[in-house]
Enquirer: 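Just dropping this structure here.
Atoms within each ligand, like the ligands themselves, are counted from 1 in listed order.
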Amino acid sequence: MTLFHHKPRKFTMIVGSIMGKGCMKVGVLLPETATSARWDGVDRPALQADIPALLPGATVDYANAQGNADTQQTQAQAALSKGDCILVIAPSDSIKAAAIVAAAKAKSVPVISYDRLIYSNDLNYYVSFDNTKVGNLQGTYVAQHYQSYVSANGTKNTVMINGAMTDNNALLFSKGAHAALDPLYTSGALKNVYEKFTPDWNNATAQTEMQAALTANQNKVAIAYVANDGMANNVIAALKAVQLNGKVLVTGQDATVAGIHNILKGDQAMTVYKAIPNEAMATAQLVAALSKGTDTSTLTNGVTTTVPITNGAAIPSVLEIPVAVDKTNIQSTVIKDGFVTAAAVCAGLPSGTDGVCP
Ligand code: BGC
């Protein structure tokens, strides 16, 4: 009896551990391009370069869903039909993408959830940043700098423009921001007058939201907590229309060229720098290890992320560390790392701006 029970179990274990072994065709599915310059500008080229660099001979099959979860589903099916044997997916929709993981599992294709968590217990790995920390850096920045903005604007009114509810990250960013801001709302130091999750992280919608918040509050706003640089750029446009750009504290995320430019211009206070090249490299390392059949525990170091569903599994994870950036540390972070160039972020700005511009 013991022997009989032992054998099938061992077999299952071996099958599980060889998923992806020998694989040379990697499907990379990214969610969209319009919500942030990062996806097409940084993630795509980094993944396309790193995967074959660490796994010589490997090909990367790339598709972008342009914000449509159904398109992503179709692209994933196509990738599996073509024989892609490891999938790297940043989901357009964290919940809907679970169907892709199920389809992959049926073909013994391992899935790495990239940047955004997919709500599936069958995920093999998750590579991202500490996203609650991202939101907390944004909220903490507001908590440390709000006073002069409240005095100058004569109001405690705070607006919160979050990302898309279908993106698990947006929920974490908001959670982290609230952890820093809620004590200020409770004490009455700040007043949360308008808060929205922005469908699809649509940048233009963020502008409409900001306009609505300004109108509803007779243009009395001191703080605009905005979840990323793309939306912040449009929020700044709404502020500009009522001559409040540079007067309202605006947050962001991604350290995009436009975001850093807006900081140097004085229209945005901060952004969160996430070293995406490290995220892509960690993903490529996992892909290479899966294909070579080598140990991945030294890559994930025991870190796990629990899928936020009933009986959610603990997914082995690599979580990189985000950094808050404002005009005081642009030089020592994003410029020093070569994430952006001074020439690009300074376009049109006076030489010497914040000690950054040539
Ligand atoms: C990413 C952010 C990005 C946002 C919109 C999030 O999941 O973590 O970096 O700005 O999506 O694309």
Enquirer: So which residues, sorted by chain and number, lie with a heavy atom under 4.0 Å of ligand 1?
Expert: Glu32, Thr35, Ser36, Arg38, Trp39, Asp115, Arg116, Asp167, Asn169, Phe173, Trp201, Asn228, Gln253, Asp254, Lys274
Enquirer: Does anything in residues 248-279 pair up under ring-ring contact (aromatic ring centres under 6.0 Å, His included), and if so which pairs, sequence neighbours excluded?
Expert: Tyr273-Phe339
Enquirer: Under the salt bridge (Lys or Arg N to Asp or Glu O under 4.0 Å) rule, what pairs show up with a residue in residues 275-288, not counting sequence neighbours?
Expert: Arg38-Glu279
Enquirer: Strictly by disulfide bond (SG atoms under 2.5 Å apart), give each pair with a member in residues 48-112 just once, sequence neighbours left out.
Expert: Cys23-Cys85
Enquirer: May I ask you to check if Lys196 and Tyr194 form a cation-pi contact, with NZ or CZ under 6.0 angstrom from the six-membered ring centre and within 45° of the axis?
Expert: yes
Enquirer: Looking at Tyr149 versus His145, is the centre-to-centre ring distance below 6.0 Å?
Expert: no
Enquirer: Among Thr305, Val134, Asp115, Leu117, which one satisfies side-chain contact (heavy atoms from CB on, under 4.5 Å) with Ser128?
Expert: Asp115
